[in-house]
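Please read the structure below before turning to the comments.
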Amino acid sequence: MKKVLSSRFFNQATLVVAEKLVGKYLVIKQRGKVKAYRITEVEAYDGPTDQASHASRGETPRNKVMFGPAGYFYLYLVYGCHQMLNIVTGQKGYPAAILIRALNNISGPGRVTKTLDLDQGFNHKPATVKTGLWFEDRGEKILATQIKRLPRVGVAYAGPIWSQKKYRFKLVTDE
DNA sequence: ACGATGATGAAC
DNA sequence: TTCATCATCGTA
């Protein structure tokens with residue numbers, strides 16, 4: 001069974017959505033073909049006080065979409081090289097988003113966007129079938145023991161408290 | 001270990 | 001208008 005995740009799914013507490021998103025699918029339609037990738041790693045950026053989040057220094061033209069309703073994509077360029085794919089979560093007015101860090105066989109957020117050929121054209125678009133990029137629940141049950149909580153990557157600038165928070169959720173297949 | 005590479009936002 | 005910074009990655 002395949003169920004498209006609606007804005008209602010993303011309109012929940014960000015950490016809850018982040019954990020639930022592991023094991024779901026990112027689906028893209030391009031050149032008439034549909035491809036689905038299982039989400040294996042995500043990171044939460046939760047609220048205005050999160051010092052690792054772009055939203056911690058207030059609303060700007062770039063992060064505006066984070067302050068809007070859930071279910072919209074937030075893409076931005078880092079290091080002049082890599083697009084980061086995020087999905088906005090939580091209530092309108094509360095800035096939060098989840099970074100898609102890895103999919104099956106695709107490790108690293110920059111490689112996710114490179115492989116799927118995602119650019120600024122998806123920024124501010126809703127995660128719907130019409131957009132051509134959306135999320136699905138394909139009925140896979142993920143146990144809590146299969147998800148590892150880790151500190152986020154590349155956020156030392158946020159200071160010891162916020163950089164150490166375990167806002168990264170990673171699927172543990174085996175080992 | 002380091003440079004690429006360019007938009008962003010804050011300061012001046 | 002200038003300038004430091006950056007939710008990374010490939011090459012060495």
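Excluded from the calculations below are hydrogen atoms, water molecules and symmetry mates; all remaining heavy atoms, backbone and side chain alike, are included. Every chain is numbered from 1, with letters handed out A, B, ... down the list of sequences. Please read these numbers as outputs of a predicted model, since none were measured by experiment.
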Any-strand Watson-Crick or G-U partner of B:dA4, both distances under 3.5 Å:
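The answer is C:dT8, by the H-bond criterion.
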Looking at C:dC6 and A:Y79: do their rings stack (centroid distance under 5.5 Å, interplanar angle under 30°)?
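No, A:Y79 does not stack on the base of C:dC6, since the centre distance and plane angle fail the 5.5 Å and 30° test.
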Between A:Q51 (side chain) and A:S56 (backbone), is there a donor-acceptor pair under 3.5 Å?
no
Quick one: does any side-chain atom of A:T14 pair with a main-chain N or O of A:A44 as donor and acceptor, under 3.5 Å?
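Flag not set: sc A:T14 to bb A:A44 has no pair under 3.5 Å.
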B:dA7 base to A:Y76 side chain: any donor-acceptor pair below 3.5 Å?
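No.
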Without decimals, in angstroms, what is the distance between [X] [atom1] and [N] [atom2]?
| X | N | atom1 | atom2 | answer |
| --- | --- | --- | --- | --- |
| A:Y74 | B:dA7 | OH | P | 15 Å |
| A:I106 | C:dG10 | CD1 | P | 12 Å |
| A:L99 | C:dC6 | CG | P | 16 Å |

Cluster companions of A:F67 among Ile, Leu, Val, Met, Phe, Trp, Tyr (side-chain spacing under 4.5 Å):
A:Y45, A:V65, A:M66, A:Y72, A:Y74, A:Y76, A:V78, A:Y79, A:M84, A:V88, A:L99, A:V155, A:Y157
So, does A:R168 get its side chain near the phosphate of C:dA7, meaning an N or O under 4.0 Å from OP1 or OP2?
no
Can you check whether A:R57 has a side-chain N or O nearer than 4.0 Å to OP1 or OP2 of B:dG9?
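Negative; the distance criterion is not met.
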Report which part of the nucleic acid A:G80 touches: base, sugar-phosphate, or nothing (heavy-atom distance under 4.0 Å, all strands).
base
What contact category does A:R62 fall into here, base, sugar-phosphate, or nothing, at under 4.0 angstrom with non-hydrogen atoms?
sugar-phosphate
Heavy-atom neighbours of A:Q91 CD exceed 12 at 6.0 Å
no
[options]: which one has an atom nearest the side-chain heavy atoms of [X]?
| X | options | answer |
| --- | --- | --- |
| A:M84 | C:dC9, C:dA7, B:dT5 | C:dA7 |
| A:P61 | B:dG9, C:dA7, C:dC9 | B:dG9 |
| A:L77 | C:dA7, B:dT5, B:dA7 | B:dA7 |

With nearest nucleotides of DNA chain B determined for A:Q120 and A:H82 from heavy-atom distances, which residue corresponds to the more 5′ nucleotide?
A:H82
